[in-house]
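The figures here come from the full heavy-atom set of this structure, side chains too, leaving out hydrogens, waters and symmetry mates. Letters A, B, ... are given to chains in the order of the sequence lines, protein chains preceding strands, and every chain is numbered from 1.
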4 protein chains.
Amino acid sequence: MEADENASDQRAGRPRDPRIDRAVLRAANDLVRQHGYADLTIAAIAEAAGTTKPAIYRRWPSKAHLVHEAVFPSGENTSLPQTGSLSDDLREMLRRTAAAFSEPAARAALPGLLAEISADRSLHTALLERFQDGVWGALRQRLVEAAERGEVRSGVDPAALLETIAGATLMALLIRDTDHLDDAWVEHSAELLTKGITP
Amino acid sequence: MEADENASDQRAGRPRDPRIDRAVLRAANDLVRQHGYADLTIAAIAEAAGTTKPAIYRRWPSKAHLVHEAVFPSGENTSLPQTGSLSDDLREMLRRTAAAFSEPAARAALPGLLAEISADRSLHTALLERFQDGVWGALRQRLVEAAERGEVRSGVDPAALLETIAGATLMALLIRDTDHLDDAWVEHSAELLTKGITP
Amino acid sequence: MEADENASDQRAGRPRDPRIDRAVLRAANDLVRQHGYADLTIAAIAEAAGTTKPAIYRRWPSKAHLVHEAVFPSGENTSLPQTGSLSDDLREMLRRTAAAFSEPAARAALPGLLAEISADRSLHTALLERFQDGVWGALRQRLVEAAERGEVRSGVDPAALLETIAGATLMALLIRDTDHLDDAWVEHSAELLTKGITP
Amino acid sequence: MEADENASDQRAGRPRDPRIDRAVLRAANDLVRQHGYADLTIAAIAEAAGTTKPAIYRRWPSKAHLVHEAVFPSGENTSLPQTGSLSDDLREMLRRTAAAFSEPAARAALPGLLAEISADRSLHTALLERFQDGVWGALRQRLVEAAERGEVRSGVDPAALLETIAGATLMALLIRDTDHLDDAWVEHSAELLTKGITP
DNA sequence: GCTTAAACGAGACGGTACGTCACGTCTTCTA
DNA sequence: TAGAAGACGTGACGTACCGTCTCGTTTAAGC
């Protein structure tokens, strides 16, 4: 992220053991899926990862920072397939958001993460960036292109549309009993939003 | 929960002091607004209300049950004005949801409440009922009526629409920096959804 | 200790469980004897006593306060036998001090306690009172009586003599390898001090 | 410990920087005086000395070993002036012990050192040697000479007398509030012990 | 001049205890 | 029986310091 991290990346002192980073992220993902966010303790993560609490606190300032990284890894595939159709783009976007939020670890962690986000600005920023750099960025680009082609009526705010997609997905998962959102839900929601934004 | 409050509400022994109920709800509302949900403690509520922890636990089974009652009082005005226009109904619905969620205590408590809801079925039920009995019930009725008049295209699921409204509102508040959602947001969202559901 | 603790000793709220006090003191005494003062942890004491850390911290402000009470119980027999001879009094005093300091728990705890005493005024006071109320008070009285009978040369300071007795005993235990100070040591020290204070 | 410092002291590799030894000893002395033994950390000493923890652990095996060297430097003046009088020798001995123990760094460190000594044999040996080689050795010699001249009654154990001197001094400093022991204390104690050992 | 080996600064490491906090319950006395 | 008061077991918190280790970088002595 910073320019001075390339060449002489090596900071003084003993370097952090990257195996610990990986083991902790994996343990956090496992445990949050098994026990839920509230019953997740740093000590348990440390033990499952074969390390100690201080080693974790050296890397992440809080449980939320750790879990958000464990549950939404940054390296996820972000490229939307070329569909050429705004309707298909929306459908794919909904499918992906639903899939990401339904993934067991994410489903277990999201409500807790949202609670902490609303009380911690640094987390807020970190989580938003993680999504902007991922799937959402791609859709925003498609929307802009579609608008240029005249397929989107003027007055549609891309950011608001993304909020609606994410919010509808989240709320559906929170309210419904089901474990995941099926194709019918995706279809139904895509139709609603497509009709909502076409001229 | 309400069934045991019938005719012979009077149980043996000293009756509960209703002033404590009121003082606790008021204190919970104040404190959650000032310190947020996570930093809210039962002991602090008890002290601010001039009573004690056991007196609170006699009335509410957990912090979440108390706060959800303190933040979304059951006696709120629920009747939608007669507009006759589905578009106006939607707009009013969005306005009310945004207002309810933006109210300082609700804003501070909602994320925390959602986190606990997703881990506690009885809370889940309680919070949903509170909303179904309130504003959401009215809109559902309007939707059904509008559908009968042919103003809503077939295939629109009222429950999904409500989820979308609530989710979009919640997500906008979570993501944006602003304290409240302005009229432009309401207008924009109403237009999106109106177009989305009309035949 | 305070006058208002008699009649209405009962403070509001649930009273402390006296069995916990006893169990903790016994456990502290056991553990300090087995593992030494430095390796003694509050958590281990709590576990051995069948209780918890907060219950201990409610009663004693620090490990040192707890241990000093566990190792030098206040109810010890304090009355010196009537000997009528200053020399015998001194010998008995040395014997008792040596016995008290040599008792396994005391031997294990004393160096650590002294270290904490020198950094904590409240402990300083507490430990001194514990001894003044015990054996040392009796000897001081004997010295005064002997001085009145002319058996002690003027210029002898009772406090300094007590310091010498306690200091010699402590230092002998710290420096020597032996577990306890034998009769020969008592005899030898008594003779030194008797000759030192007679006119 | 000293044996490997003979002729070919020079081991392969970069030699240790003697300025670090001096800086660490000075920093330890300063810090123990300011903050006391318990609140003294190796990291703080390292920082104050402008070096690092490993450099310290390369030189001293533990905090106690370092502090005992920092607080009782080995090069102190040890020769007692020739008085020819046992009484004067005792007085001088008490004066020196009181001075050594009252020196601010020693006063702050002694109780903590004693606590660690009683749990670590190697420290025990090291601290005793430091004193035997210093002032105490001289007095022991005087006592033997005085005994040969018949100025000391038979049955007086030089070791026990030294213990009494050191113990009385230590205890006086532990118990009293004063910063140092004045001449009156020295006089009083010297008289007590002189009378105690003369035939 | 090159090699070698240890000291150096920096800082992460596993480990362990700390003292505190809030939970929700229980026990006492009093109203 | 409610209420005020406060102790209870439980369990996690985040921090601190220990003494060790692993880096990359000097610094001499010896070849």
Is [X] near enough to [N] that one of its side-chain N or O atoms lies under 4.0 angstrom from OP1 or OP2?
{"X": "A:Arg59", "N": "E:dC13", "answer": "yes"}
{"X": "C:Arg58", "N": "F:dG9", "answer": "no"}
{"X": "D:Thr41", "N": "F:dC17", "answer": "no"}

Measure the distance from [atom1] on [X] to [atom2] on [N] and round it to the nearest whole Å.
{"X": "A:Glu47", "N": "E:dG14", "atom1": "CD", "atom2": "C1'", "result": "14 Å"}
{"X": "B:Leu31", "N": "E:dA22", "atom1": "CG", "atom2": "C1'", "result": "15 Å"}
{"X": "B:Ile45", "N": "E:dC23", "atom1": "CD1", "atom2": "C1'", "result": "13 Å"}
{"X": "B:Trp60", "N": "E:dC23", "atom1": "CH2", "atom2": "C1'", "result": "18 Å"}
{"X": "D:His65", "N": "F:dC18", "atom1": "NE2", "atom2": "C1'", "result": "16 Å"}
{"X": "C:Lys63", "N": "E:dT20", "atom1": "NZ", "atom2": "P", "result": "15 Å"}
{"X": "C:Ile56", "N": "F:dG11", "atom1": "CD1", "atom2": "P", "result": "17 Å"}
{"X": "C:Arg19", "N": "F:dA7", "atom1": "CZ", "atom2": "P", "result": "16 Å"}

Can you identify which nucleotide, out of [options], has its nearest atom closest to the [X] side chain?
{"X": "A:Ala55", "options": "E:dG14, F:dC13, F:dG3", "value": "E:dG14"}
{"X": "A:Arg14", "options": "E:dA7, F:dA16, E:dA10", "value": "E:dA10"}
{"X": "A:Tyr57", "options": "F:dT15, E:dA17, F:dG9", "value": "F:dT15"}
{"X": "A:Pro54", "options": "F:dA4, F:dA7, E:dG15", "value": "E:dG15"}
{"X": "A:Ile20", "options": "E:dC8, E:dG24, E:dC13", "value": "E:dC13"}
{"X": "B:Thr51", "options": "F:dA4, E:dC13, E:dC23", "value": "F:dA4"}

Determine, for C:Tyr37 and C:Lys63, whether the Lys NZ or Arg CZ falls below 6.0 Å from the six-membered ring centre while staying within 45 degrees of the axis. yes

Answer whether the closest heavy-atom distance between the side chains of [X] and [Y] falls below 4.5 Å.
{"X": "C:Ile20", "Y": "C:Arg59", "answer": "yes"}
{"X": "B:His65", "Y": "B:Asp120", "answer": "yes"}
{"X": "A:Phe72", "Y": "A:Val67", "answer": "no"}

Is it true that C:Arg16 and C:Asp21 have a side-chain N and a carboxylate O under 4.0 angstrom from each other? no

Only one of C:Thr41, C:Ile45, C:Ile42 passes side-chain contact (heavy atoms from CB on, under 4.5 Å) with C:Lys53, and that residue is C:Ile42

Which part of the nucleic acid, if any, lies within contact of D:Lys53, taking any heavy atom under 4.0 Å across all strands shown: a base, the sugar-phosphate backbone alone, or nothing? base

Heavy atoms under 4.0 Å, any strand shown: does B:Leu40 hit a base, just sugar-phosphate, or nothing? sugar-phosphate

Nearest-nucleotide comparison on DNA chain E, the residue closer to the 5′ end among A:Arg16 and C:Pro61: A:Arg16

For B:Gly50 and A:Ile42, find the nucleotide of DNA chain F closest to each by heavy atoms; which residue's nucleotide sits nearer the 5' end? B:Gly50

